[in-house]
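In what follows, every chain begins at residue 1, and chains take the letters A, B, ... in the order their sequences are listed. Just so it is clear, the model here is predicted, and its values are computed rather than measured.
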Number of protein chains: 2
Amino acid sequence: MEETDREIVRLLAADGRMSYTDLARATGLSTSAVHQRVRRLEQRGVIAGYAAVVSAEQVGLPLTAFISVTPLDPAAPDDAATRLAELPEIEACHSVAGEESYILKVRVAAPGALEDLLARVRAVANVRTRTTVVLSTPYENRPPAV
Amino acid sequence: MEETDREIVRLLAADGRMSYTDLARATGLSTSAVHQRVRRLEQRGVIAGYAAVVSAEQVGLPLTAFISVTPLDPAAPDDAATRLAELPEIEACHSVAGEESYILKVRVAAPGALEDLLARVRAVANVRTRTTVVLSTPYENRPPAV
DNA sequence: GCTGAAAGGCCCGGGCA
DNA sequence: TGCCCGGGCCTTTCAGC
């Protein structure tokens with residue numbers, strides 16, 4: 001990928017609603033050239049989509065935690081990720097190497113809701129959990145250095 | 001927040017570039033009514049911004065890991081988060097309760113680059129690290145259930 | 001791949017219910 | 001709050017190079 005494309009990706013990562021006209025001004029291309037490049041970046045999957053950044057705090061979910069998860073029955077088929085997907089508090093689910101099987105990132109309203117969520121995680125996926133509470137988040141979702 | 005606003009937030013979380021006209025069609029309001037509500041959601045910080053979703057894989061960073069970080073000198077001022085911010089491989093930095101001080105989420109090109117990054121993390125922040133490699137990500141960045 | 005132009009649609013105020 | 005309504009801007013497409 002060459003420099004102009006990377007610049008476009010950077011600009012759209014910072015402001016996903018930037019207009020083609022502004023992108024054109026910022027890159028020194030015409031709007032149609034920019035438009036074509038953005039379309040190609042979308043088709044190649046470099047730009048996977050566009051999203052509004054929703055503030056979990058403002059939406060009543062100020063408590064973030066990481067839950068590491070270990071299956072209680074290693075012989076059972078591992079469909080934990082699928083079963084856990086139905087719990088809306090789970091923002092992310094990563095399968096990992098190491099002592100545990102999955103790391104979940106969750107958002108809840110309060111400590112009591114976390115306790116409740118942990119019970120549901122254990123019940124739904126038949127797992128043991130280890131929870132790390134987030135105290136503050138200096139930064140997250142920084143775009144990759146393109 | 002009432003149902004129409006939540007619907008707007010859901011729609012924009014799924015497609016951050018949806019036009020006001022389409023939002024209006026989807027919610028049964030006029031475009032200017034939708035426009036006003038979106039502006040209010042932005043002002044209240046419910047919608048913190050808009051971003052293109054950049055695929056780390058497509059951009060040459062297929063390896064994800066979590067790095068737990070513990071200061072070697074607990075007496076030193078804790079500016080680890082600030083110092084670590086200059087490493088572009090770090091996508092997120094969370095201050096956490098528990099044995100360790102921070103959890104970092106990082107993206108690199110290959111195992112060798114992870115080794116190199118770990119050395120830089122230790123050097124920059126004067127910390128001990130514990131790394132968990134991500135094997136696959138069933139899902140991440142799911143919007144909160146608004 | 002890029003440019004430029006042209007049509008159609010969208011954005012985004014102001015005014016009023 | 002929400003709706004209607006313009007003027008201006010943006011998007012999108014299509015030759016032409």
Any side-chain N or O of A:Arg40 below 4.0 angstrom from OP1/OP2 of C:dG1? yes
Nearest-Å distance, CE (B:Met18) to P (C:dC10)? 13 Å
Sort and list the pairs that fulfil side-chain hydrogen bond (donor to acceptor under 3.5 Å, both in side chains) and have at least one residue in residues 10-26 of chain B, not counting sequence neighbours. B:Glu3-B:Arg10, B:Glu7-B:Arg10, B:Asp22-B:Arg25
Are any non-hydrogen side-chain atoms of A:His94 and A:Phe66 less than 4.5 angstrom apart? no
Base, sugar-phosphate or nothing for A:Ala33? Non-hydrogen atoms, less than 4.0 Å. base
On DNA chain C, does the nearest nucleotide to A:Gln36 precede the nearest nucleotide to B:Ser19 from the 5' side, or the other way round? Give the residue. A:Gln36
For D:dT12, does OP1 or OP2 lie under 4.0 Å from any side-chain N or O of A:His35? yes
Given atom OH of B:Tyr20 and atom P of D:dC10, what is their separation to the nearest angstrom? 14 Å
Do NZ/NE/NH1/NH2 and the carboxylate oxygens of A:Glu140 and A:Arg107 come within less than 4.0 Å? yes
Between A:Arg120 and A:Glu89, is there a side-chain N and carboxylate O pair less than 4.0 Å apart? yes
Residue A:Leu29, side-chain heavy atoms: nucleotide from D:dT12, D:dG2, C:dC2 that is nearest: C:dC2
How many whole angstroms separate atom CZ of A:Arg37 from atom C1' of D:dT11? 19 Å
Taking CD from A:Glu42 and P from D:dT11, how many angstroms apart are they, rounded to a whole number? 13 Å
B:Arg142 to A:Ile90 - nearest heavy-atom pair and separation: NH2-O, 2.8 Å
Can you confirm whether A:Leu29 sits close enough to A:Arg37 that some side-chain heavy atom of one is under 4.5 Å from a side-chain heavy atom of the other? yes
Using only side-chain N and O atoms of B:Arg39, determine if any of them is under 4.0 Å from OP1 or OP2 of D:dG2. no
Between N or O atoms, less than 3.5 Å apart, protein on one side and nucleotides 7-9 of chain C on the other: list the pairs.
none

Over how many whole Å does the gap from B:Arg25 atom CZ to C:dC10 atom C1' extend? 11 Å
Counting C-beta onward and ignoring hydrogens, is there a side-chain heavy-atom pair between A:Ile103 and A:Ser68 closer than 4.5 Å? yes
With respect to the side chain of B:Ser32, which nucleotide from C:dC2, D:dC3, C:dG4 is positioned closest? D:dC3
